[in-house]
Amino acid sequence: MSLEDELFEQRLGRVREMEAQGLLPYGRRFGFTHTIPNILQEYGTKTAEELSPQTRVKIAGRVMTIRRMGKAGFAHIMQSGERLQVYVKKDALPETDYQLFASLDLGDIVGVEGYLFRTKTGELSVHVEKLEFLSKILLAMPEKWHGLEDVETRYRQRYLDLIANPDVHKVFVTRAKIVKSLRTTLDALGFVEVETPMMQPLYGGAAAKPFVTHHNTLDLDLYLRIAPELYLKRLVVGGLERVYEINRNFRNEGISTRHNPEFTMLEFYQAYADYNDLMDLTEKLLARVAMEVTGGTTVEYEGHKLDFGSIRRLTMREAVREQGGNGDLAGPALVEEFEAKVERGLIQPTIIYDFPVEVSPLSKNKPCDPAFVERFEVFAAGMEIGNAYTELNDPQEQRRRFDSQISRREKGDEEAHRMDEDFLRALCYAMPPTGGEGIGIDRLVMLLTGSRSIRDVILFPLLRPEGEIGLADRLRRLDQKA
RNA sequence: GACCCGGUAGCUCAGCCGGUAGAGCAUUUGACUUUUAAUCAAAGGGUCGCGGGUUCGAGCCCCGCCCGGGUCACCA
């Protein structure tokens, strides 16, 4: 018999024993008085004397370690990635509760009631007087010391990763804080959050290959959006003058440490503004989010100290010249030169502005030089994390840009924009002069959490499906045996 | 898509020149009423990713495939 089957049998046996005693192996609501992080924060620095008179607590969580010593024992209970020790003494709690403790498995979920104290070695602990069983683990927990290191298992069974690796828990809590910080800043500036279609009859707003899906009733092929841009700009036409969306984009392209087929993007549009205003706003957003998440504007990333408190600005031509490239180039050739000579070296947060018009079909021309557009990208750690421009709001010019995209497409550029007449019609109703920007949330989270792969900031990154697991069959067999 | 690395017990990993598959944690049994990677004693646990081949003999060598990681390409 394999070890896993053996574990199943042992633990299902314990489930049956509990049921026989009238206990619930899968319990019901548990009214706790404190969370473990609460207790650690409130009492973590109190001395033994300061803990009297007794503070009674009722807590719940997952059993992470057990040290049994005959008629007493210790365990650590984990909640929200933090652990608190509990001390269980045979003559301090009811017989049945002690029996329960004696048959606990690592990974079980329990509720505990007792009072706070400090052990001989000074660790804050709960002196247990009541133990309630809440949920039974059937499979084995990852190793207590090394945690779960197998990358594939970490991604496929993220719950195990979260249980075994507290740092992973922290990354995703930080991710939530980052998104909240961006929302708070934008909300305070009067931006309205909206949701626009994920499924679009025409895709646009970026150069990328789309995913295709189909609606049965309408018998209609739809694209998962590659960007929300064209819908958000329709909203600006409609008078939502400050508008943003934080949501998923889907691009049917390669997977790497910086690319996942679905990723989260913040896009925001501000009427009556241009790309200079957005540069200022970008600095403010980034400095603030870094401050709120890490307590400062500098963050460590791959051995570099990135300073989000001072963001350099230079034109694409200046950047190319600075690296010894040919700054006299124009059009796509300039972009190629930039990507070859500059991009990867942009470690410190940097704004690169003034892009060639050919690669920017939705941006407004620079008045003094129509070969360039009012567009910038933000780079850090060699990664593009944002893209912004003064929006093209002249419908006739937009039509010409679409036309030239179409001829590029006819020459084989699969990622060139398609004609979007509905969008053109919206522009024909007059869009105010507007600045718009997209910020890649996943990459920003990477920078602010020190994660080297985008998969480490996405809870369930895309993987090929694994083979048969065979678990249902085993459980079925054991059920029949019982 | 190309190249490099990896897949051995539930987990973390060893496995020499091709010669009977190993350790720690976890599990089971026993001892232990302030331990903390608890300790002590004993036991059980393997489709060596999958399929072929070479060989007297393959975890190890060869071929194909699957899964994952990395680099590059792609991603304006």
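What you see below is based on every heavy atom in this structure, not just the backbone, and it leaves out hydrogens, waters and symmetry mates. A note on names: the letters A, B, ... follow the listed sequences, proteins ahead of strands, and every chain is numbered from 1.
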| said: Below 4.0 angstrom, which residues in residues 383-407 of chain A have at least one non-hydrogen atom near RNA chain B? | reply: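 By residue number: none to list.
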Describe the nucleic acid contact of [X] in one word from base, sugar-phosphate, nothing, applying a heavy-atom distance below 4.0 Å.
X	answer
A/E415	sugar-phosphate
A/R154	nothing
A/F355	nothing
A/D91	base
A/L139	nothing
A/K90	nothing

| request: Respond yes when some side-chain nitrogen or oxygen of A/R67 is under 4.0 Å from OP1 or OP2 of B/A38, and no when none is. | output: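 For B/A38, OP1/OP2 do have a side-chain N/O of A/R67 under 4.0 Å.
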| request: Tell me which nucleotide among B/G10, B/G70, B/C32 gets nearest to the side chain of A/K71. | output: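 My answer, after comparing the listed nucleotides, is B/C32.
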| Base paired to B/U47 (Watson-Crick or G-U; both N/O distances under 3.5 angstrom) |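 Result: none.
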| For A/E466 and B/C66, what is the distance between atoms CD and P respectively, to the nearest whole Å? |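 Computing the A/E466:CD to B/C66:P distance gives 17 Å.
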| Length of the CD1-P vector between A/I66 and B/U39, whole Å |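 Between P of B/U39 and CD1 of A/I66: 15 Å.
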Would you measure the distance from the [atom1] atom in [N] across to the matching atom in [M] and give it in whole Å?
N	M	atom1	result
B/G69	B/G22	P	33 Å
B/G15	B/C72	C1'	33 Å
B/G30	B/A14	P	35 Å

| request: Quick one: classify the glycosidic conformation of B/C25 as syn or anti, with syn meaning within 90° of 0. | output: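 Judged by the O4'-C1' to base torsion, B/C25 sits in anti, the angle falling more than 90° away from 0.
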| said: Could you check whether the side chain of A/Q85 and the base of B/U35 have a donor-acceptor pair of N or O atoms closer than 3.5 Å, going by distance alone? | reply: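 Such a pair is found, so the answer is yes.
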| request: Report the C-alpha separation of A/D5 and A/R474 in whole Å, then their side-chain angles, then the decisive distance to 0.1 Å, and conclude whether the salt bridge (charged side-chain N to carboxylate O under 4.0 Å, His left out) test is met. | output: CA-CA 8 Å; A/D5 281 333; A/R474 288 154 97 175; 3.0 Å; yes
